[in-house]
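To start, the structure itself, in structure tokens.
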Amino acid sequence: MAREVVAMALRFVREYVRASDLAVAAAVLFACSAARSRLSAKPGAPMLWPVFGVLPALFANFDNIYDWGTAALLRAGGTFPYRGMWGGGSSGVITSVPANVEHVLKTNFANYPKGPYFRERFVELLGDGIFNADGGAWRAQRRAATTGMHSARFLEFSSGTIGALVRGKLVSLLESLSASGDAVDLQDVLLRFTFDNICAAAFGVDAGCLAEGLPDVPFARVFERATELSLARFVTPPFVWKAKRLLGVGSERALVEAARAVREFAERTVAERRAELRKTGTLAGRCDLLSRLMSAPPSDVPGGYSDEFLRDFCISFILAGRDTSSVALAWFFWLLASHPDVESRVLADIRAAAAGDDDASRTSMDYLHAALTESMRLYPPVPADFKEALEDDVLPDGTAVRAQQRVIYYTYAMGRDKSLWGPDCLEFRPERWLSPKSGVFAGGAESPYKYVVFNAGPRLCVGKRFAYTQMKAVAAAVLARFRVEMLPGQEKTVKPKLNTTLYMKRGLMVRFAARGQRHEPGHGAVPAAGGCSIKHQLPKAAIEQSEY
């Protein structure tokens, strides 16, 4: 009977329905659905098209997507729903409301883990590392990270490695570039620095990215490749990348190979350190994070941490620390080039620290700290992040969130919201972070859910102090010795790249000139701010651990 009904339906379609009829019907259905979506949408929110969701709006604003998203949130009152392409499995809300962010990151923390959507896209590279973990696995690694990174020995060791790398490699490289007058991509140099530094802090090994000639480093190359391919899964429909993974072809095959190379390096390093511990009975001479975790596990972890735990932990540590500080510094130097008044005050701060000024507010380089903080407000290293709801919920502003939907908190937009930062929110003004009376850094008074650059709540970045120490050391050493001259014509080309980290799309081409000399005009020199002569040793305050 069923076959007869199907056969009759097919005959009817062949005899009475033309292709043009189907096309017209589909067009009418699409138009009606679009009109209904537009009429029911939140005022000011982007259009959610039938089938394609928010994708047409994203593609139409691809070259200016961060500012477009910021404007859309402003029009929509701080929150709007989004939906990806049908079959993509992506939907939820985007928000820049601090109360919503606090609800997700703290008040109802248990309902908003990383979630399977995030984890499955990074599982080949990160495994069960802290950056990719939830629940008990996350708590264990969080405790390990806090204990290891906040120990006195690691703090002293990490400060020393930062100082040694700055003086021994970074300054040497910049002196060579200054003497030759060659241009270089500052973003690339900073990425190399932070990769060397994070490998030294995590594994106690020299990655060699800042060696003479800026060589290609296989481990750094495959790590970057594995990261890029993992991130590509966020913008590729699941049925596409999962099919490619099943068949072992294309980008998915490349991801497996790159991730395997990264994990093999980490496994080899863990095995070598484990063998050293068995042979000598101690790792007292080593203070890197891997050695600290291996030699001093907590009492409730019988037998110590497993090799797999240590491998995944250190890979996550490298991922979290490699890009963020370098990207933040690149935007910081870019902003200084167009704000000579700020650069002049930063230089005065560094000179006071180098001279050993007794004024505590100056030797801690509060103004430099404020300038870095202000730079990250405008250009946060991670422009947006998200969590996935386990159960239905309602955000403080009344927005409903269904189970398995995502809440994206838009850090980039929050830093450019007049209601949060005042009418001068688009201005680079470090003074907003200083006490008007004492001039010391007063950023601790700001809500972390308003300035969510380092995350907040239980998942507050455990490497925040490490990041500030690293950035202040680099900024102080570079600015004390050199003027950073931007090559002309970059005003329109320096733009954020669409990524989970706010890279500059085409890098940042600069030349370095020793303070007291200037490149020829044809080299695109930018007028120096301040022009003061500063001692060439790295100020001690630059490598001390920040309390902020």
Side-chain angles (χ1 to χ4, degrees), residues 31-86 88-108 111-112 117 234-235 377-380 382-389 392-426 447 449-453 456 496 498 500 502:
C32 291
S33 181
R36 179 185 178 187
S37 177
R38 180 71 277 177
L39 291 172
S40 62
K42 187 174 184 178
M47 174 73 175
L48 298 182
W49 295 89
V51 181
F52 303 105
V54 75
L55 291 183
L58 295 181
F59 284 124
N61 297 277
F62 193 80
D63 289 336
N64 195 34
I65 196 163
Y66 293 110
D67 290 327
W68 167 81
T70 298
L73 281 166
L74 181 63
R75 292 193 304 269
T79 307
F80 61 76
Y82 82 94
R83 185 185 71 246
M85 189 173 181
W86 285 358
S90 179
S91 68
V93 300
I94 301 176
T95 187
S96 59
V97 177
N100 290 345
V101 176
E102 182 174 5
H103 179 83
V104 170
L105 298 185
K106 178 186 176 182
T107 309
N108 202 10
N111 192 49
Y112 291 97
Y117 182 87
F234 285 93
V235 295
R377 179 184 69 85
L378 290 169
Y379 294 102
V382 180
D385 204 349
F386 70 85
K387 297 293 183 284
E388 185 171 325
D392 292 355
D393 193 20
V394 178
L395 301 180
D397 68 354
T399 303
V401 180
R402 297 195 305 273
Q404 298 184 329
Q405 283 194 324
R406 280 162 285 287
V407 177
I408 299 175
Y409 49 100
Y410 208 155
T411 314
Y412 185 92
M414 294 177 74
R416 295 159 183 264
D417 190 334
K418 292 181 180 180
S419 68
L420 301 181
W421 301 100
D424 64 347
C425 65
L426 298 182
S447 167
Y449 306 101
K450 170 184 172 182
Y451 184 80
V452 72
V453 169
L498 180 58
T500 55
L502 202 69

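Values reported hereafter were calculated over all heavy atoms of this structure, with side chains retained and with hydrogens, waters and symmetry mates removed.
- Judged by distance alone, with hydrogens and angles left aside, the side-chain atoms of Gln405 form a donor-acceptor pair with the main-chain N or O of Arg402 at under 3.5 Å.
- For the side chain to side chain donor-acceptor pair (under 3.5 Å) test, no residue two or more places apart in sequence or in another chain qualifies with Thr107.
- Taking all atoms of both residues into account, the shortest heavy-atom contact from Pro380 to Thr411 is CB-CG2, 3.8 Å.
- The two atoms that bring His103 and Val394 nearest to each other are NE2-O, 3.9 Å, heavy atoms only.
- Looking only at side-chain heavy atoms (C-beta outward), Phe234 and Ser90 stay at 4.5 Å or farther from each other.
- Taking every heavy atom of both residues into account, Leu378 and Gly415 meet most closely at CD2-O, 4.4 Å.
- Summarising the geometry, atom CZ belonging to Arg377 is positioned 10.5 Å from atom CG belonging to Asp417; distances are rounded to the nearest 0.5 Å.
- Looking only at side-chain heavy atoms (C-beta outward), Tyr66 and Leu502 come within less than 4.5 Å of each other.
- A 4.5 Å side-chain heavy-atom check between Pro98 and Leu420 finds at least one atom pair inside the cut-off.
- Distance alone, capped at 3.5 Å, is enough to place a donor-acceptor pair between the Asp392 side chain and the Ala403 backbone.
- Put simply, the side chain of Val453 does not reach to within 4.5 Å of the side chain of Val382, judged on heavy atoms.
- Side-chain polar atoms of Thr399 and Asn100 form no donor-acceptor pair below 3.5 angstrom.
- Across Tyr410 and Ile94, no two heavy atoms sit closer than the pair CD1-CG2, 4.0 Å.
- Between the side chain of Tyr409 and the backbone N or O of Leu105 there is no donor-acceptor pair closer than 3.5 Å.
- Residues Val101 and Lys106 are not in side-chain contact: their nearest non-hydrogen atoms beyond the backbone lie 4.5 Å or more apart.
- Sorted by first and then second residue, the side chain to side chain donor-acceptor pair (under 3.5 Å) pairs with a member in residues 56-65 form an empty list; sequence neighbours excluded.
- Contact check for Lys418 versus Leu426: no side-chain heavy atoms found under the 4.5 Å cut-off.
- Judged by distance alone, the side chain of Arg406 and the main-chain N or O of Glu388 form no donor-acceptor pair under 3.5 Å.
- In this structure, the side chains of Thr95 and Ile408 stay at 4.5 Å or more apart for every pair of heavy atoms.
- We find the SG-CE distance between Cys425 and Met414 to be 13.0 Å, quoted to the nearest 0.5 Å.
- Listed for the Ser96 side chain is no donor-acceptor partner under 3.5 Å among the backbone atoms of Leu73.
- Both tests do not hold together for Arg416 against Trp421: distance to the six-membered ring centre under 6.0 Å, angle to the ring axis within 45°.
- Inspection of the Asp67 and Tyr412 side chains reveals an N or O donor paired with an N or O acceptor under 3.5 Å.
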